[in-house]
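Only one structure is covered here, and it is reproduced in the block below.
Just so it is clear: chains get the letters A, B, ... in the order the sequence lines come, proteins before strands, and each one is counted from 1.
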Amino acid sequence: MRLLTHNMLSSNVKGVTNGFPLGIEVEKVVEKQVELSADFLINIFSKIEWKALVDASRAVGYAELPDQADASMLDSDEFLRKFHHALLELHLEEGALLCPETGRRFPVNKGIPNMLLHEDEV
Amino acid sequence: MSSRPELKAPPEIFYDDEEARKYTSSSRIVKIQSELTERALELLALPDDGVPRLLLDIGCGSGLSGETLSENGHEWIGLDISASMLNVALEREVEGDLLLGDMGQGLGLRPGVIDGAISISAVQWLCNADKSSHEPRLRLKAFFGSLYRCLARGARAVFQVYPENLDQRELILRMAMQAGFSGGVVVDFPHSSKKRKEYLVLTCGPSAPVSKAQDEDGGSCSDDDVNEDEENKTVCVSDRHRPRKKQRITKKGKGREWIMKKKEQMRRRGNVVPPDTKYTGRKRKARF
């Protein structure tokens, strides 16, 4: 699971008012190189919750992202490279995602988070 | 005619390891899924600016539809309830991220982040009550409500569905409208029982014109039937033209290229195959 997806996921448990962002428990992270698309990064930037992305990238061991970011920084190749790396090239293979309100664990196996809720959580 | 998979077992049980493998290794199914996805992408009407979008593939299964999305340059997140199908997707090394989840429990995505959603042959599974605690209406409501929230303004959702009957299709449409969607149904090849495909095209926000449906002679059917209910939402169902009796429906047939490809496939599997000669795939006389 890439940090792009983590940035979109929220806890769905019944009664939770703000299930975003999910905490990350890291067991195994893999880096997979993919081609950089500036168009995609510029388009998706406005939808990204920057603080959540920075915290998530630090959790998986990448500390190069600046704490704050605004759209003007997208002109810099250097920034685009770091943004691209954090968003699309870091994969959480094994670990878990944690609901910020209830602490409920969503395990991650082989890169796939198990978001299935139990009957009483729906 | 074999019964529908939806009537045999819940999806996470029907699509076990064996079924998942069978589904994905059938070249016919791979081809059909790819065509359905291309058509759904067309109906999504994403801006033609070459900018890759973030799409949602609901009921992504073994990633057959997702691969078509990647081929078109988009990023995607796939959701499926069957771990076996997702494992096959992992083996195929699909480029999108996969989530193990139940769409009837709500999608769990942040508001306004998705540029478009597609679903190929999956949403009809929501209409079955697979557990005693399931109430299809509540599940449809949770699904459409969460989908409406996570789609960006003006984004569309296109679902290729196989509704069991008219009631099912009406139920799906009704729950979608209640969640705030507008849109309608596009039916391709409405007269052919084999080729007939239904697409639910939903938009967030004011209704946009629904695309023209495709028909066998390559032309398009006009949208004749328009229902308008009190809240001024339109549901368009494309008209059923009766083919004029004089019109011959030309069969495309399978050419030499397809035959050669199939023979190669059989040889790879180790079957005995007659050698390729100048007679292979040659057009036979009409009465043959």
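Residue-environment remark: NZ (A/Lys82) exceeds the threshold of 12 foreign heavy atoms within 6.0 Å. Other residues, nucleotides and ligands contribute only 12 or fewer heavy atoms inside 6.0 Å of the CD atom of B/Glu95.
Of the residues listed (A/Asn12, A/Leu9, A/Thr5), the one engaging B/Leu109 in a side-chain contact (heavy atoms from CB on, under 4.5 Å) is A/Leu9, and it is the only one.
Heavy-atom distances place both the backbone and the side chain of B/Leu99 under 4.5 Å from chain A. Proximity to chain B (any heavy atom under 4.5 Å) is shown, for A/Glu121, by neither the backbone nor the side chain. Within the 4.5 angstrom heavy-atom criterion, no atom of B/Asp49 approaches chain A. Residue contact with chain A, scored on non-hydrogen atoms closer than 4.5 Å, involves the backbone and the side chain of B/Leu54 alike. No part of A/Ile42 comes within reach of chain B, as not one of its non-hydrogen atoms sits under 4.5 angstrom from that chain. For B/Leu138, no part lies near chain A; criterion is any non-hydrogen pair under 4.5 Å. Heavy atoms closer than 4.5 Å to chain A are found nowhere in B/Ala89, neither backbone nor side chain.
Put simply, the side chain of B/Asp115 reaches to within 4.5 Å of the side chain of A/Lys47, judged on heavy atoms. At a threshold of 4.5 Å between non-hydrogen side-chain atoms, the residues A/Leu116 and B/Ile81 count as touching. Residues A/His6 and B/Asp97 are not in side-chain contact: their nearest non-hydrogen atoms beyond the backbone lie 4.5 Å or more apart.
Distance check: A/Asn109 CG to B/Leu86 CG gives 12.0 Å after rounding to the nearest 0.5 Å.
When each of B/Ser146, B/Gly108, B/Gly50 is checked for heavy-atom pairs under 4.5 Å with chain A, B/Gly108 comes out on top. Considering only heavy-atom pairs separated by less than 4.5 Å from chain B, the leading option among A/Val108, A/Asn114, A/Leu4 is A/Asn114.
Shown here for A/Arg2 and B/Trp76, the closest heavy-atom pair between the two residues is NH2-O, 3.8 Å. A/Val122 approaches B/Gln105 most closely through the heavy-atom pair CG2-NE2, 3.8 Å.
Although no hydrogens or angles enter the test, the distance criterion places a donor-acceptor pair under 3.5 Å between the side chain of B/Arg110 and the main chain of A/Asn7. Proximity of a side-chain donor or acceptor of A/Asn43 to a complementary backbone N or O of B/Val51 within less than 3.5 Å is not detected.
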Query raised in the report: Can you check side-chain contact (heavy atoms from CB on, under 4.5 Å) on A/Lys110 and B/Leu98, steps first, answer last?
Result: CA-CA 10 Å; A/Lys110 295 193 264 191; B/Leu98 304 168; over 6 Å; no
